[in-house]
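Chain letters run A, B, ... following the sequence lines, proteins first, then strands; residues in each count from 1.
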Amino acid sequence: MINWPLLRWEMRNIRWWYAGLFIFLFIGAFSLLLFATTGGPVNWGKMDFFLFGAYWALFGGMANVSSKLKKGTMAFLLARPVSRREMYHAMALAGGLPIIILIMSPVLFALILSPWLASSMSLGQLLLLDVLRAVWLTALFLLAILTSLYTGDYRNKFYSILTGSFIIAVTIAWTTTIGIINKRALVQWLFQHHPGLSLLLSLALCCLFYYLGRRRLERMDIQA
Amino acid sequence: MAISEPAVLTRGLTKTFRGRPAVHGLDLEVPRGGVFALLGPNGAGKTTTIKLLLNLLQPSAGEMRVLGLDAVADSVAVRRRVGYQAESQHFYRNTGVGELLSFCRSLYPRWNQERVDRYCRLFELPARARVGGLSKGKQTLLALVLAVGPEPELLLLDEPATGLDPLRRRQVLKLLVEEMSKEGRTIIFSSHQLQDVERIADRVAFLLRGGLILSRPLEQLLAEEKKVRVLFPGPPPAELEKWPGVRRVAREGSRLLISLSGRLDEVLVRLQRYEGAAFDVLDQTLEDIFVEYAGGEESVWEVGEDD
Amino acid sequence: MPDFVIQTENLTRDFSTVRAVNEVSLAVPPGIVFGFLGPNGAGKTTMIRLLLGLLEPTGGRAAVLGFDTRAQAAEIRRRTGALLEHPGLYERLSAEDNLEFYGRIWRLPAAERRARIKEILSHMGLWERRKETAGKWSRGMKQKLAVARVLLHRPSLIFLDEPTAGLDPVAAAALRDDLAALTAREGVTVFLTTHNLAEAEKLCALVGVISHGKLLVSGNPDELRARSGGPRAEVTGRGFSNEVIKQLQARPEVRAAGLQNGRLYLDLRRDASMAPLVKLLVNAGVEVEEVHRGKASLEEVFLTLMEEDNEND
């Protein structure tokens with residue numbers, strides 16, 4: 001299922017993208033520290049630097065896939081003893097793992113810094129929020145890969161427009177849910193009333209996009 | 001997995017791109033061992049066929065077996081035993097030659113590092129050079145090194161010598177014939193350099209519009225494909241075109257040019273019956289034969305794969 | 001019109017550690033096809049870039065159409081056409097629209113543009129198919145269209161970097177014929193690089209061979225063939241044994257001997273006589289059917305030059 005040399009290679013090839021991720025992580029941690037030392041209440045729903053990092057991850061993942069398709073490096077790999085499923089897993093893991101790490105990192109920081117922090121949320125709530133975010137982002141990341149698989153070989157315009165608008169819609173829905181727009185009401189709705197349901201929904205979406213992306217790659221003609 | 005199974009066997013192999021067939025009902029059989037040349041005009045389906053065998057493209061219909069394995073279901077197992085050089089090279093441009101080689105090495109169960117090193121030296125491919133900084137010809141050579149590294153039983157080479165200068169081209173041909181072929185590996189290659197094909201191929205196959213026109217040992221092909229130039233004293237026999245072996249009759253001034261596919265002796269016997277008919281037999285090079293088969297209708301084939 | 005379309009004196013270009021073009025002095029007279037030959041990575045593409053003024057020379061000077069490449073690159077580019085690695089066609093546009101687009105770039109007036117497009121497409125036999133999308137054409141036809149694009153603004157010099165690479169023999173021959181006819185008719189000078197030396201032999205009035213950035217020789221292909229490489233002989237027959245070949249290789253007048261496709265190929269020294277060799281063959285029991293002697297091909301000349309060059313290194 002996982003081809004380790006390939007995964008190492010994939011991670012090595014996007015190391016600059018990782019470097020970008022770590023910059024966001026660093027800025028996020030730094031601002032947290034700043035909050036901690038000034039002693040003000042920290043709103044975990046609004047850790048925008050981590051969020052920017054997540055967007056960076058998202059677009060990086062898309063660029064990774066579509067550039068692979070356009071430059072034909074996918075053909076290079078798939079002419080070697082690498083199955084398409086292994087290829088897909090390597091792409092998803094190399095791109096998706098850092099997203100999860102990035103999103104989970106506030107929890108880590110919170111754990112470390114909890115003695116000094118006066119948070120607006122309990123640790124349990126915070127953890128749930130982070131898991132939720134990570135699952136959401138992974139779903140979005142998988143959707144991004146799926147979209148890139150359609151748009152990267154630029155043959156199927158209909159699908160690319162469809163998935164493109166879908167991803168925008170999902171992103172808007174997600175940002176309203178978790179952070180930027182009208183945050184309070186929706187966050188409350190999610191966390192106080194239906195946390196389990198929203199987690200399940202995100203997991204379901206995750207699985208769906210994973211499956212669709214894998215199926216698409218397995219049936220695709222590798223050109224160039 | 002019978003060893004006697006041919007290196008490649010396709011039955012009714014078809015691939016359409018948005019309704020346009022690039023390969024159409026292809027029945028190809030490549031025996032094990034030896035050098036097999038795929039010929040045909042641009043867009044005849046050579047590249048598509050090679051990519052289908054590697055499962056880079058999904059067949060629209062038909063079956064293929066490579067080295068005794070199902071080329072779709074067991075594709076990874078097939079690719080473990082096949083070396084492939086693409087027509088144009090797409091590498092990770094920012095990696096070093098050495099890094100790319102060791103990555104590829106890690107993907108295969110077997111790898112002949114001694115040979116890889118030797119050819120890197122011969123082709124002047126320094127391990128520290130950046131792949132993207134290599135000239136086009138050097139990238140082609142690197143692709144060849146990557147293809148022979150895993151000790152493949154079958155080599156699929158898509159125009160291996162395009163863009164190479166004569167010196168390098170000879171080195172490449174020598175590598176193929178004196179190492180790869182001698183070690184019993186099967187080589188399938190497509191080429192427009194018909195002198196090269198004449199020099200190294202044991203068998204040739206002609207593809208035209210996605211179908212196989214002929215597949216024959218090269219020597220047999222050169223022996224069978226002849227032209228006879230005849231000057232009849234009177235009107236030529238009416239049913240000349242229906243004589244055995246006659247493929248085409250063309251007019252060349254006052255004389256007729258008969259293209260034959262085998263049965264030369266029979267035709268000569270018949271011609272001798274016409275009193276006063278003067279004729280001579282013309283040998284043909286592979287290029288003549290190529291033009292004969294492919295060039296009949298101007299160079300206006302539609303493309304399948306390369307658009 | 002200057003005496004030479006291209007004239008360089010000790011033209012040199014360095015990249016960080018490599019000298020890509022090394023003191024090349026070259027003169028190309030107008031109206032001919034000049035073949036620029038050399039192994040991969042010898043500096044051919046760099047040379048074209050220098051001549052087009054796309055790269056600044058490290059040393060020496062070059063004049064193209066009488067203009068200096070350093071100071072007057074824009075003048076040079078206005079009067080030349082170049083077909084480098086990519087054909088430069090828009091795959092989604094029709095053939096006619098592609099040329100129309102380039103005609104506008106070159107600021108040809110509408111009437112002239114139309115007349116020129118018609119002239120050039122008809123000459124290449126593409127006029128009937130001008131409305132078709134270029135992307136759907138075969139590679140040979142695309143390449144023809146690319147040549148049409150290069151010639152569109154009536155340049156007096158064109159650069160073609162391996163125009164027939166990757167084309168099948170029929171398409172390559174068709175392109176060659178069109179190229180020869182068009183350039184002869186319009187008096188265009190062609191600077192051509194190719195690895196197909198048979199093609200260079202057919203097309204070029206003058207060739208230059210470059211290796212490791214240095215111009216090794218330049219001259220008429222016939223001259224070059226006469227100058228280097230001894231005559232070759234080809235013997236058809238039956239019964240060649242390894243022993244006979246060894247005996248032949250031991251003879252002083254034989255440089256190399258080998259079998260290919262059942263024929264014996266001999267590489268002879270200058271002024272070698274064939275008669276004693278045939279006698280040797282017959283005595284060894286070979287049934288000789290035919291002996292064919294020929295001059296060295298340009299390809300052999302090229303290979304000899306490369307060998308000498310490598311020995312000198």
Mind checking the [atom1]-[atom2] spacing from [X] to [Y]? Nearest 0.5 Å is all I need.
{"X": "B:D165", "Y": "C:T193", "atom1": "CG", "atom2": "OG1", "value": "12.0 Å"}
{"X": "B:Q195", "Y": "C:E299", "atom1": "CD", "atom2": "CD", "value": "7.0 Å"}
{"X": "C:F302", "Y": "B:L167", "atom1": "CZ", "atom2": "CG", "value": "7.0 Å"}
{"X": "C:T164", "Y": "B:H192", "atom1": "OG1", "atom2": "NE2", "value": "10.5 Å"}

A quick test of your reading: do over 12 heavy atoms of other residues, nucleotides or ligands sit less than 6.0 Å from [atom1] of [X]?
{"X": "C:R49", "atom1": "CZ", "value": "no"}
{"X": "B:D280", "atom1": "CG", "value": "yes"}
{"X": "C:Y90", "atom1": "OH", "value": "no"}

What part of B:L194 gets within 4.5 angstrom of chain C, counting heavy atoms only: side chain, backbone, both, or neither? side chain
Might you point out which heavy atoms bring [X] and [Y] nearest each other, and give the distance in Å?
{"X": "C:N40", "Y": "B:S135", "value": "CB-OG, 4.4 Å"}
{"X": "B:G40", "Y": "C:D168", "value": "O-CB, 4.1 Å"}
{"X": "C:E162", "Y": "B:G163", "value": "OE1-CA, 3.8 Å"}

With a 4.5 Å cut-off on heavy-atom pairs, point out which of B:L39, B:L164, B:T140 contacts chain C the most. B:L164
Using non-hydrogen atoms and a 4.5 Å limit, figure out which bit of C:L197 sits close to chain B: side chain, backbone, both or neither. side chain
Given the options C:A165, C:G38, C:A173, C:P39, which has more heavy-atom pairs under 4.5 Å with chain B than any of the others? C:P39
